[in-house]
Structures are given as structure tokens and as C-alpha cells.
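Hydrogens, waters and symmetry mates play no part in the numbers below; they use all other heavy atoms, side chains included. Chain letters run A, B, ... following the sequence lines, proteins first and then strands; every chain starts at 1.
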Protein chains: 2
Amino acid sequence: MTRRLAEVAKKVGVSEATVSRVLNGKPGVSEATREAVLTALDVLGYERPTQLRGDRARLVGLVLPELQNPIFPAFAEVVGGALAQQGFTAVLCTRTVGGVSEADYVHLLLQQQVSGVVFAGGLYAQADAAHGHYELLHERGLPTVLVNAAVERLDFPQVSCDDVVAAEIALAHLRALGHERVGMVLGPKDHVPSRRKLETFRAGGGDPELVEHTMFSLEGGHAAAARLVARGVTGVICASDLLALGTVRAVRRAGMSVPGDVSVIGFDDSALMNCTDPALTTVRQPIDAMGRAAVDLLVAQIDKAVVPADELLYEPELVVRASTARVRA
Amino acid sequence: MTRRLAEVAKKVGVSEATVSRVLNGKPGVSEATREAVLTALDVLGYERPTQLRGDRARLVGLVLPELQNPIFPAFAEVVGGALAQQGFTAVLCTRTVGGVSEADYVHLLLQQQVSGVVFAGGLYAQADAAHGHYELLHERGLPTVLVNAAVERLDFPQVSCDDVVAAEIALAHLRALGHERVGMVLGPKDHVPSRRKLETFRAGGGDPELVEHTMFSLEGGHAAAARLVARGVTGVICASDLLALGTVRAVRRAGMSVPGDVSVIGFDDSALMNCTDPALTTVRQPIDAMGRAAVDLLVAQIDKAVVPADELLYEPELVVRASTARVRA
DNA sequence: TAAGCGGTTGCAAATATTTGCGTGATCCGG
DNA sequence: CCGGATCACGCAAATATTTGCAACCGCTTA
């Protein structure tokens, strides 16, 4: 009775083949016909058999803001691997300079009928307008997980690194080394993890005057840190390793040394940070565990399990290397 | 019934041919007629057939072997950006641990009806079996470009960094610094760029006994370099920056210093190599130019232009930093 | 294991668009 | 007013796209 696809076909007055082609986004269907079929699909509330969808696509979108910061490729590697083990394939979507917006990617992924989407370090920078595509995902009930990218108001499961702990242990480390004038180099003002670190910093007695916001790049870190160095900080906590590297450069440019004159702490513990000069003391995000958790949450959703839209917080840990030292007497 | 173009033609009172010419901006239509057709087109709300109009998905697959080596994310960024400027979207496909093979990705991409595929540092490791999927691409006539990944026998356009020049300038640099016992740390034996470097090394009088093959990772470099160090080399040329970093570590583990006792040269000039300890002397691949060229070649193919299946060779350049020095007296 | 149920796909017919070529109209310079 | 050149345009052939038919595939059920 439920010649489901056939039913739609009859309603529109086309063959089942055509409906099938529309369903699969195949070429060879005129725009007008496609439109008509899509409408009928909607009207009749067609739902493709679950097993077929899974069988064919098994694609998962992985949306990252950039690839410059080594933490993102690393994360992609973890998530891609974890997905592969579950029989999914990751499609990486990265914002590029002239390029494609996050919303565009969402449409694209939707059109490609992905089984789910993982966002990492996503679109924090927009207040209102940009949430449309998240809502779209929500409406369509597409399994979604957010990593380190709090989106208020929408209840997606989230996996994050605990920024409060991160800021606390960084600050505690510098304090223990005797540093009093501690500064902070953060990402953009509306970047949620940065905001959380700032709050913790303040709560822990940090001087809000010694906080600089910048964009997430080595050069940004350099510029922001230069301002802090001019104000006489002896320790700097950075919101990413790249920013920390920029900070090191700024300190040296000012004729001082790390950690001799200024101690620097990074965040992420991305690859190669033990090869830098000096080896960077940093707060490690457990990206391996986080990536796996994100994938588990996603797969659970895909398997129609009920997943609470909580934020799973992962504990970072301090990795002490050579960029921090006791404050100069 | 919907003789769409014919309808417009009738309304204006011209032939379909004329309407077609207007549509495609072809010459041979008077201004008045063109105007009239354009108006009718507007009035009747004519839409060109899908594939002709704005093209469908405009997806391009970008297949990379890994993301650990920072050169690959960097390359992805360049290619993704260049593609975006041309109105394409890159779908990144990366081999992951448990994961998906290159052949699987090809099938996937084919199924997603991508407009083309760019391979970088692809599947060199297999001699025979693994070429099936390349042939598949060839048969289907899917636009394809290979970067640093010579595949013999199949004529795809290729963009590569000139490994001969790379090896020559690295060797010349060390020789100029007085090094006699120069070793080499290369990738797997069947990795074409490594093989080319090896040949050049030999041709330039390098000692084949001082060449080690390993996998492309810091640890691999460490292990391979340890063997060379034991044999008393004073200079090491590496096939990637990661290998070079591993080599530095091996030298230090042996109780010696870089560049004091052993000089090390990397290859790629990936990000952050000026932040390492010591800052790495390396042979820079012009990935920006290469990425752009690859995209240009791809887009030309997509636009049905005839693209010669040549290998475009890009000249690398030596970036001298602090990991090489005059040989110890 | 066969039969049935969706759904997908190869193929060829139907339909639509583009293009080469020829015709007639128009425009000029003698 | 007469060629000759040029141009716009239609005809029809060439080419490309859309669509339905029917065979087929993978899965479930009898």
C-alpha cells in the first residue's frame, strides 16, 4: 500500500526514477521538476527508509574554522579516525579566505544527506543572524555535536575543554613561580572559551587591565603581547599555542627573554610544541578523548538514541616545559 | 508542452536560434532583438536547464594522505581558498588510522558527483593493485590533478616540487659549509619524491650507504637519524620537516648538538619551522603557487579545456635558518 | 530458496538547446 | 542605381538534457 516512492511519483506525475534521482541529488532532472518533486515530498511527508540512507551515505560533516592552528588538523585526525572505526567517513569543511561560509557548508552537507555534523571551534563571532543554519539542523533533526563551541539557546550535545580549570591551573602555575603581573592574550571578544577564561582570570584576582583580545594567529599574538610587555607583565597566559608563540616573539622583539624575563603559557598543546624554542609550557586539551566522545555522541544520535544536550567538560592538564620559570628576583 | 526556449521565441516572434544566441551572449543578434528577447525571458520567467545554468554542487575532492605533517593542512588551505575563489567547494578526504582507503574515497567522490579531484602526496606505496581507482577516474573523464604524486602510466596533469633541485641545493649548502659525510633521511622506498631525491643525491656524489628510509613521522625520523648519527654523519638532509625535527632529536639524544655537531636540513618549510629549536634550515616548497596551479589546471579541465598531462615542476628555495652551520674543525 | 517490496540504474526515446550554414535585407562606394 | 560586403536571422543538423521503462539489487518475509 505504501508504494512510498511510487506514490510521490504519481502525485507529481513523473516516474519513480525521477523521484529517486531527486532524492539522491543526481543530475539529469530539470529544476522545475526537481522543485515539484521536493514539494510533493514535503507535502506527503516522505521519509526515506532509514537503512537505505545509512547504507549509502554514511557521511559525517566535520566543520572547522581553519587549519592554520595545528590543533584543528589534529582534531580532524582524531575525529576522522574515530568515525572511520564506526564505518563513517568524515567530510572536512573548512572556512577559507575568500570562501564558503559555515551556513553554506551546512546547506551543502544537508544536500549531501550526511548522517550528522560535528562542529569544532565554530561560529562564535555572530550574535544573532548566524544561528539560522544551526536551527535548520535542529529542525531537520540532523545529529549534531558541538566541540568547544558553545551555542546558547539551541540544545545540541556539546563536548568542551573546561576553560575554567584551564585558566585556573595556568594562573596557579605562574603564581606559584612568583609572578604577580600576569597578563592574558585571548581570542576575539565574543569567542566563548576566551570569555570563560577571562572570567576565571578575573575571579582569580587577575588584573582585567592586562587582558588583550586579538585574532587567533601568531601575528595577532605578537601584536597583543607587545602591548602587554610594554606594560611590564612577567607572565602571559595565552588562549592558544599559536598566540603563545607570537607572544614569545613579542617578548624577544622587546629585547627580553622567555622565560628569563617573561613566562609564557600556551593552550591546546598542539603538535610540535615540544620542539619550539623554548619548548612551550601549555595547557593540554585532551583532544583525543574529546574527539572520541564527540563521535560517540554523534553516533548515538544517529542510532536514534536519546542523547542529553549537555555540555561534557573535559579536564585539561598543565604540561610544564621550558617557557615558564620563577620570576626574576 | 513546455517548449521553454521555443515559447520565448514564439512570443518575441523570432527563432529559437536567436533566443539561444541571446542567452549565450553570442554575436549576430541586433541590439533591438536582443532587448526584446531579454524582456520576454524576464516576463516568462525562463530558467535555463540546470546543468547549464549555475552548475550543480561544484564540489571538488581534495585527497590527502594525512594531516600530521603541517604541510598538508597548509596545502589544503591554499587549495581550498583557490577553489572557493572559483566558486568550488573543497571536500577534504584524509586517510585515517583505521580508516578509509584512497580507493574508497574515489568511489565516494564519484558517487557525490564531484566536479574534479586533487590528489596530494597520494598513494605511492602500491605498485599495481592500487591504480585501479585512478583508472576509474580516467575512464569517467573526471578532471584530476596530482600534486607531488607521480603516477606513472596514467596521464593526469601534475604539479610537483622539483625534487632534483631540492636535493641539489640542500647538498650544495652542506658542502659549502664543509660537510663531507652527509646523510639522508627519506620516506618509504617507493615514495616517488624520495626516490628522486635519492637519485640526485647519488648523482651528486652522496654516499648511498648514508641513506635511510623510514615513514613520514617525527619518530620515524628519530629512528632513522639515530642510525646515521651512529655512522658519524655531520650533515643530514631530510625529506620533510617532521623528519628533520626527529633528526634533531636523535642528534641530541646522542649527546650532540645541532648545528654544532650535526647540521640538519628539512624539506617543505611548513608552518612554525621558524619557531623550532633550532630554527630549521629547510627547502621551501612553493605550496602557494603549486596549489594555485593545481586549481587552475583542474578548473581548466572542468571547463573542458584541453590540458596537457605534463608535470609542472616548481622550483624550491633554500631557507637558511639555524640548524645548519660550518662543519666543526 | 523464492517472492515481494522498495529503491536504483542503464538505456533509449523524447525533448530542448546550440551551432553551422545559407538567405535575404541593408548599407556603401562607385 | 549597381555590385559587393556585412549583418541579422532562420533552417536544420548536431548536441545535450530530461524522463520513463524495465531490468536489477539488497533486503525481508514466507
Distance, rounded to the nearest Å, where A/Glu7 contributes CD and C/dG7 contributes P: 10 Å

A/Leu44 CG to C/dG6 P, straight-line distance once rounded to whole Å: 15 Å

Nucleotide D/dT19, atom P - distance to CZ of A/Arg34 in whole Å: 10 Å

Distance, rounded to the nearest Å, where A/Arg4 contributes CZ and C/dT8 contributes C1': 16 Å

Sugar-phosphate only, base, or nothing, as touched by A/Val19 at under 4.0 Å among non-hydrogen atoms: nothing

A/Asp288 side-chain N/O to A/Val78 backbone N/O, donor-acceptor pair under 3.5 Å: no

From CA spacing to verdict: side-chain contact (heavy atoms from CB on, under 4.5 Å), B/Val79, B/Val60: CA-CA 10 Å; B/Val79 170; B/Val60 170; over 6 Å; no

Identified side chain to side chain donor-acceptor pair (under 3.5 Å) counterpart of B/Asn148 within the set B/Gln285, B/His191, B/Gln158: B/Gln285

Length of the CG-P vector between A/Leu5 and C/dG4, whole Å: 20 Å

Exam field: side chain B/Glu16 to backbone B/Ala9, donor-acceptor pair closer than 3.5 Å: no

B/Ser30 side-chain N/O to D/dC7 phosphate OP1/OP2 under 4.0 Å: no

Distance in angstrom units between A/Leu23 CG and C/dG6 P, rounded: 15 Å

Ring centers of A/Phe119, A/Tyr134 separated by less than 6.0 Å: yes

Candidate list B/Leu297, B/Asp296, B/Val295, test side-chain contact (heavy atoms from CB on, under 4.5 Å), partner B/Val299, passing option: B/Val295

Short side-chain N/O contact to C/dG7 OP1/OP2 from A/Tyr46, under 4.0 Å: yes

Polar pairs (N or O, both sides) under 3.5 Å between protein and nucleotides 19-26 of chain C?
residue : atom : partner : partner atom : Å
C/dT19  : OP2  : B/Lys26 : NZ           : 2.2

